[in-house]
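Everything on this sheet refers to the single structure shown next.
All values reported here derive from a predicted model rather than from experimental measurement.
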Amino acid sequence: MKRNPIKKVIILVSILAIPGFLFFYLLPQFAKNRYKSLPIFGEKIVASTFHSVKGKKIPDTIYHQIPDFSLSNQNGDSINWLSLKDKIVVMNLFYADASSNNVIQYIKQLSEGYEKKPLVRFLSLSVNPDDKSKVDGFAAKLNAKPGKWDLLTGDTASTYPLIRKGLMLDVIQDDTKDKPNFIFGNKILLIDVQHRIRGIYEIDNPEARGRLEDEIKVLIAEYLRTVKDGR
């Protein structure tokens with residue numbers, strides 16, 4: 001018996017309609033609606049506790065988590081993990097007087113696409129403690145809305161340990177110039193609701209930007225599936 005050619009066309013169109021990033025992250029068991037998990041960056045420690053999978057005892061793993069912090073945003077409000085409870089966070093470093101703020105402009109564009117999606121928040125952390133007096137005006141120029149895109153400032157005693165140990169990034173203050181200059185990479189972090197780093201992206205790379213945009217959606221799907229399963 002010949003197959004209906006119209007049915008073949010419909011199936012082919014349906015396959016082509018699935019976003020490319022979904023093919024990469026969907027596991028072969030399509031019927032189970034499972035995704036390939038994003039990696040978890042940082043040190044991993046095997047715990048002394050166990051969990052069971054199909055009757056088999058599996059050692060628990062303790063993953064690197066970004067420690068809590070308390071920093072001020074452009075409104076002077078305190079931002080910490082409690083204020084970001086159950087939020088997926090996209091985070092980068094900046095300073096207001098940088099000669100190039102390509103990352104900031106990209107974050108502006110990206111955050112505008114998530115303006116009505118409360119699950120995702122954007123944080124830009126200044127590496128310059130003097131930005132505390134400038135961040136309000138800087139945020140206004142970018143139309144950065146607090147509560148969606150928070151520009152954070154604090155003293156270096158708070159921000160530098162957070163950057164180096166928590167975010168696993170680096171920053172160097174260059175004192176050889178007439179005005180403060182800071183050296184750091186153009187990286188963006190993707191952070192899950194458990195404060196674990198799930199992606200690090202070199203934003204000068206167009207491929208990395210595309211991967212970030214795809215993996216935000218994957219992390220949203222992972223979180224919603226976890227909520228649905230009651231985990």
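Under the 4.5 Å side-chain criterion, counting only non-hydrogen atoms from C-beta, Leu190 is in contact with Leu38. Taking the side chain as every heavy atom from C-beta outward, Asn92 and Lys187 never approach each other to under 4.5 Å. Here the side chains of Leu169 and Leu93 are in contact, with some heavy-atom distance below 4.5 Å. No side-chain heavy atom of Asn75 sits less than 4.5 Å from a side-chain heavy atom of Asp150. Between Ile216 and Val120, the closest side-chain pair of non-hydrogen atoms falls below 4.5 Å. Using a 4.5 Å heavy-atom cutoff, the side chains of Phe184 and Ile172 are not in contact.
Every residue meeting the side chain to side chain contact (heavy atoms under 4.5 Å, CB included) condition with Lys108, not counting sequence neighbours, appears here in chain and number order: Gln105, Glu112, Leu142, Asn143, Trp149.
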Exercise. Which is it for Thr61 and Ile45 under the side chain to side chain contact (heavy atoms under 4.5 Å, CB included) test, yes or no, and what are the steps along the way?
Worked result: CA-CA 6 Å; Thr61 302; Ile45 301 172; over 6 Å; no

Exercise. Asn102 and Ile203: side chain to side chain contact (heavy atoms under 4.5 Å, CB included), yes or no, with the steps?
Worked result: CA-CA 9 Å; Asn102 292 339; Ile203 222 58; 5.7 Å; no

Exercise. Going through the distances and angles, do Tyr63 and Asp192 end up as a side chain to side chain contact (heavy atoms under 4.5 Å, CB included)?
Worked result: CA-CA 12 Å; Tyr63 293 99; Asp192 67 18; over 6 Å; no

Exercise. Between Tyr223 and Leu119, is a side chain to side chain contact (heavy atoms under 4.5 Å, CB included) present by the stated rule, with each step listed?
Worked result: CA-CA 10 Å; Tyr223 172 73; Leu119 181 58; 3.6 Å; yes

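By the rule that hydrophobic residues join a cluster once side-chain heavy atoms approach within less than 4.5 Å of another member, Leu125 and Leu212 end up as members of separate clusters. Side-chain heavy atoms closer than 4.5 Å link hydrophobic residues (I, L, V, M, F, W, Y) into clusters, and following such links, possibly through other members, connects Phe41 to Phe69. At a threshold of 4.5 Å between side-chain heavy atoms, the hydrophobic network of Ile, Leu, Val, Met, Phe, Trp and Tyr places Val193 and Ile191 in two separate groups. Follow the hydrophobic side-chain contacts under 4.5 Å out from Leu162 and you reach Val89 in the same cluster. A continuous path of hydrophobic side-chain contacts links Val127 to Leu167 [ILVMFWY only; heavy atoms under 4.5 Å].
Under the 3.5 Å distance criterion, the side-chain polar atoms of Asp131 are matched with a main-chain donor or acceptor of Ala96. In this structure, the side chain of His195 does not engage the main chain of His64 through any donor-acceptor pair within 3.5 Å. The main-chain N or O of Ser37 is never found under 3.5 Å from a side-chain atom of Glu222 such that the two would form a donor-acceptor pair. In this structure a side-chain-to-backbone donor-acceptor pair under 3.5 Å is missing from Ser83 to Ile79. Put simply, the side chain of Trp81 gets close to the backbone of Pro67: a donor and an acceptor are under 3.5 Å apart. Side-chain N or O atoms of Gln65 include none that pairs as donor or acceptor with a backbone N or O of Arg196 at under 3.5 Å. Of the possible polar contacts, none joining the Arg121 side chain to the Lys87 backbone as a donor-acceptor pair under 3.5 Å is found.
In this structure, the separation between CG on Leu71 and NZ on Lys132 is 10.0 Å, given to the nearest 0.5 Å. Of the inter-residue distances, the one linking Leu219 atom CG with Ile88 atom CD1 reads 4.0 Å to the nearest 0.5 angstrom. Ile188 CD1 to Ser124 OG: the interatomic distance, rounded to the nearest 0.5 Å, is 8.0 Å. With rounding to the nearest 0.5 angstrom, the CD1 atom of Ile183 is 4.5 Å from the CG atom of Asp174. One distance of note links OG of Ser111 with CD1 of Ile104; it measures 9.5 Å at 0.5 Å rounding. Phe122 CZ to Met91 CE: the interatomic distance, rounded to the nearest 0.5 Å, is 13.0 Å.
A donor-acceptor contact closer than 3.5 angstrom is absent between the side chains of Ser126 and Asn128. For the 3.5 Å distance criterion, the side chains of Asn80 and Ser70 fail to qualify, holding no donor opposite an acceptor. Side chains of Glu215 and Tyr201: a donor-acceptor N/O pair is present below 3.5 angstrom, by distance only. Defined by atom type and a distance below 3.5 Å, a donor-acceptor pair is present between the side-chain atoms of Asn186 and Asp204. Side-chain atoms of Asp130 and Tyr95 form no donor-acceptor pair, as typed in the model, at a separation below 3.5 Å.
Residue-environment remark: NZ (Lys141) stays at or below the threshold of 12 foreign heavy atoms within 6.0 Å. The environment of Lys117 atom NZ is dense: over 12 non-hydrogen atoms of other residues, nucleotides or ligands sit within 6.0 angstrom.
Taking each heavy atom of Tyr114 and Lys148 in turn, the nearest pair found is O-NZ, 2.9 Å. Here the closest heavy-atom approach between residue Gly166 and residue Ile66 is recorded as O-CG1, 3.4 Å.
Remark: Lys134 fails to qualify as a cation-pi partner of Phe138 under the 6.0 Å distance and 45° angle criteria applied to the six-membered ring.
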